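Fair warning: this is a prediction, and the values are worked out from it, not measured in the lab. Just so you know, these numbers use all the heavy atoms, side chains as well, and skip hydrogens, waters and symmetry mates.
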Amino acid sequence: MFTIGDFARHGRVSVRMLRHYDAIGLLRPAHVDPATGYRHYSAAQLSRLNRVIALKELGFTLQQVRDIVDEKVGTEELRGMLRLRRAELEATVEAVAARLVQVEARLRSIESEGHMPTDDVVIKRVPAVRVAELTATAASFDPQDISPVITPLYEELFRRLDAAGITPTGPGVAYYEDAPEGGGAISVHASVQVSAPPRDGDDLRILDLPPIDHAATIVHRGPMDAVVPTAQALAHWIDGNGYRSTGYPREINLECPENRAEWVTELQTPVVQV
């Protein structure tokens, strides 16, 4: 038998944790001295402790852990719980990875301050273009809010175009507006060039985007989660060359291979001279 301190050391947990597990009935001592109240544990209880810790680190609540180790949860239910937790962990990993990309993009912006390119920006007229689009709302213009909205929009857009027998005739065009509800929310328009007649149905909208008389344009290479340095380089150029932006940039998806690091996107920001 082990004292609670010895058992805690062998189990690599705290005495406080063991006392809490005892209090909630998750891991009772093998013996409690009636005279002193001292708790004693057996080596055989280490296996239950290991299961408890493993399940807890998977993200299960202590009540769920108790039900599992007490075999109140059937095999199929446990399998389902583990599948769900795996999916949650995978989603968390993806979100953290995306966030790291954005942090890296911000760091590159900081490191490149004072070294912005001056020959990569072109002022040009962008002609009107007919597009099919779907629209949704993002919480802000931050890439971490835009990406989870625009990606499924494009997936659904291409599904609906296929169902309607409409073939895209050019690249994707993403554009943005302040959402009617305000508060910094953004209307996200995921569109692609088509040659079909205009329509304004519930399932799909086809319209002509107006021309941009003067657009300051720059090419971004890489995933759109990492667009911040390119977008800020364009902003510096606009501010330093006697222009003022008059709206959000359009994003023209020139190349979109499966590897997002190889994406090529043109940013087109409408500007006027000041």
Peer 1: Linking I/L/V/M/F/W/Y whenever their side-chain heavy atoms sit closer than 4.5 Å, directly or via other members, would Ile53 and Val15 fall into one cluster?
Peer 2: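 Looking at the clustering, Val15 is in the same group as Ile53.
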Peer 1: Which atom pair, heavy atoms only, marks the closest approach of Ser14 to Ala8?
Peer 2: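 Minimum heavy-atom contact is C-CB, 4.1 Å.
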Peer 1: For the backbone of Ala44 and the side chain of Ser47, can you confirm whether one donor and one acceptor N or O come within less than 3.5 Å of each other?
Peer 2: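 Looks like yes, one N/O pair under 3.5 Å.
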Peer 1: Is the shortest heavy-atom distance from the side chain of Val227 to the side chain of Met224 under 4.5 Å?
Peer 2: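 Yes, their side chains come closer than 4.5 Å.
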Peer 1: Minimum heavy-atom separation for Ala30 to Ser42, with atom names?
Peer 2: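 For Ala30 and Ser42, the tightest heavy-atom pair comes out as CB-N, 4.0 Å.
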Peer 1: Distance check, rounded to the nearest 0.5 Å: Tyr175 atom OH versus Leu209 atom CG?
Peer 2: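 Between Tyr175 OH and Leu209 CG, I get 5.0 Å after rounding to 0.5 Å.
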Peer 1: Hey, does the side chain of Thr217 reach the backbone of Val122 with a donor-acceptor pair shorter than 3.5 angstrom?
Peer 2: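 Yes.
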Peer 1: One pair to check against salt bridge (Lys or Arg N to Asp or Glu O under 4.0 Å): Glu156 and Arg160. What are the steps and the verdict?
Peer 2: CA-CA 6 Å; Glu156 181 63 16; Arg160 295 189 187 187; 2.7 Å; yes
Peer 1: Which residue, Leu207, Val173, Val129, forms the side-chain contact (heavy atoms from CB on, under 4.5 Å) with Ser191?
Peer 2: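 Filter result, single survivor: Val173.
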Peer 1: Are the side chain of Ser140 and the backbone of Asp142 linked by a donor-acceptor contact shorter than 3.5 Å?
Peer 2: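 Present.
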Peer 1: Say you draw a straight line from CE of Met17 to CG of Leu49; how long is it, rounded to the nearest 0.5 Å?
Peer 2: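 The distance works out to 8.5 Å.
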Peer 1: Within the 4.5 Å heavy-atom criterion, are Gln193 and Pro168 side-chain neighbours or not?
Peer 2: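 Counting from C-beta outward, Gln193 and Pro168 never come under 4.5 Å.
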Peer 1: For Ser187 and Ala179, which heavy atoms make the closest approach, and how far apart are they?
Peer 2: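 Between these two residues, the closest heavy atoms are OG-CA, 3.5 Å.
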Peer 1: Could you go step by step and tell me if Arg39 and Asp22 meet the side chain to side chain contact (heavy atoms under 4.5 Å, CB included) rule?
Peer 2: CA-CA 10 Å; Arg39 300 171 175 87; Asp22 180 15; 2.8 Å; yes
Peer 1: For the atom pair CD (Gln45) and CZ (Arg28), what is the distance rounded to the nearest 0.5 Å?
Peer 2: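 Gln45 CD to Arg28 CZ: 11.5 Å, rounded to 0.5 Å.
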Peer 1: CD of Gln64 to OG1 of Thr61: how many Å apart, nearest 0.5 Å?
Peer 2: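 Nearest 0.5 Å value for the CD-OG1 distance: 3.5 Å.
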Peer 1: Take Ile4 and His40 through the side chain to side chain contact (heavy atoms under 4.5 Å, CB included) test and state the conclusion after the steps.
Peer 2: CA-CA 6 Å; Ile4 190 171; His40 297 271; over 6 Å; no
Peer 1: Once you round to the nearest 0.5 Å, how far does CZ of Phe60 lie from CG of Leu55?
Peer 2: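 It is 6.0 Å, given to the nearest 0.5 Å.
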Peer 1: How far apart are the C-alpha atoms of Arg125 and His214, what are their side-chain angles, what is the distance that settles it, and do they pass the side chain to side chain contact (heavy atoms under 4.5 Å, CB included) test?
Peer 2: CA-CA 5 Å; Arg125 185 180 189 275; His214 296 89; over 6 Å; no
Peer 1: Return all side-chain donor-acceptor pairs below 3.5 angstrom for residues 264-274, not counting sequence neighbours, or 'none' if the list is empty.
Peer 2:
residue : atom : partner : partner atom : Å
Glu266  : OE1  : Lys124  : NZ           : 3.2
Glu266  : OE1  : Gln268  : NE2          : 2.7
Glu266  : OE2  : Lys124  : NZ           : 3.0

Peer 1: Over all heavy atoms of both residues, which pair between Ala226 and His220 is shortest? Give the atoms and the distance, please.
Peer 2: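 Of all heavy-atom pairs spanning Ala226 and His220, the closest is O-CE1, 3.3 Å.
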Peer 1: Let me check something: do Val52 and Phe7 share a hydrophobic cluster, defined by ILVMFWY side-chain heavy atoms less than 4.5 Å apart, either directly or through other members?
Peer 2: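 As far as the 4.5 Å side-chain criterion goes, Phe7 and Val52 are connected within one cluster.
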Peer 1: Below 4.5 Å, heavy atoms only, C-beta onward: do Arg66 and Ile68 meet side chain to side chain?
Peer 2: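 In short, these two side chains do not touch, never coming nearer than 4.5 Å.
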Peer 1: Atom CD of Gln63 and atom CD1 of Ile24: how far apart are they, to the nearest 0.5 Å?
Peer 2: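 Reported value, rounded in 0.5 Å steps: 8.0 Å.
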Peer 1: Any donor and acceptor pair, going by atom type alone, linking the side chain of Asn253 with main-chain N or O of Glu255 inside 3.5 Å?
Peer 2: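 Judged by distance alone, no pair lies under 3.5 Å.
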Peer 1: What closest approach, in Å, do Pro210 and Arg250 show between heavy atoms, and which atom pair accounts for it?
Peer 2: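 So the two residues come closest at O-NH2, 2.7 Å.
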Peer 1: Less than 4.5 Å apart, side chain to side chain, heavy atoms only: is that true for Trp237 and Ile123?
Peer 2: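 Of all side-chain heavy-atom pairs linking Ile123 with Trp237, at least one is under 4.5 Å.
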Peer 1: Do other residues, nucleotides or ligands put more than 12 heavy atoms under 6.0 Å from Glu181 CD?
Peer 2: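 More than 12 within 6.0 Å, yes.
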Peer 1: Counting only heavy atoms not in Arg221 (residues, nucleotides, ligands), do more than 12 fall under 6.0 Å from its CZ?
Peer 2: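 Check fails, neighbour count at 12 or below.
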Peer 1: Does Val188 sit in a hydrophobic cluster with other residues, and if so which ones, taking ILVMFWY side chains as linked at heavy-atom separations under 4.5 Å, directly or through other members?
Peer 2: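 So far as hydrophobic clustering goes, Val188 is joined with Leu134, Phe141, Ile146, Val149, Ile150, Leu153, Tyr154, Leu157, Phe158, Leu161, Ile166, Tyr176, Ile186, Val192, Val194, Leu204, Ile206, Tyr248.
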Peer 1: Please step through side chain to side chain contact (heavy atoms under 4.5 Å, CB included) for the pair Leu26 and Val65, ending with a clear verdict.
Peer 2: CA-CA 8 Å; Leu26 183 57; Val65 170; 4.1 Å; yes
Peer 1: Arg205 and Asp200: salt bridge (Lys or Arg N to Asp or Glu O under 4.0 Å), yes or no, with the steps?
Peer 2: CA-CA 5 Å; Arg205 188 181 182 206; Asp200 197 9; 3.7 Å; yes
Peer 1: Below 6.0 angstrom between ring centroids: does that apply to Phe2 and His10?
Peer 2: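 Phe2 vs His10: aromatic centres under 6.0 Å.
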Peer 1: Testing the basics here: between Trp263 and Asn259, what is the closest heavy-atom pair and its distance to 0.1 Å?
Peer 2: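 Minimum heavy-atom separation between Trp263 and Asn259: CD1-O, 3.7 Å.
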Peer 1: State yes or no: do Tyr21 and Leu46 share one hydrophobic cluster built from I, L, V, M, F, W and Y residues joined by side-chain heavy-atom distances below 4.5 Å, directly or via other members?
Peer 2: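 Yes, it is one cluster - the side chains of Tyr21 and Leu46 are joined through contacts under 4.5 Å.
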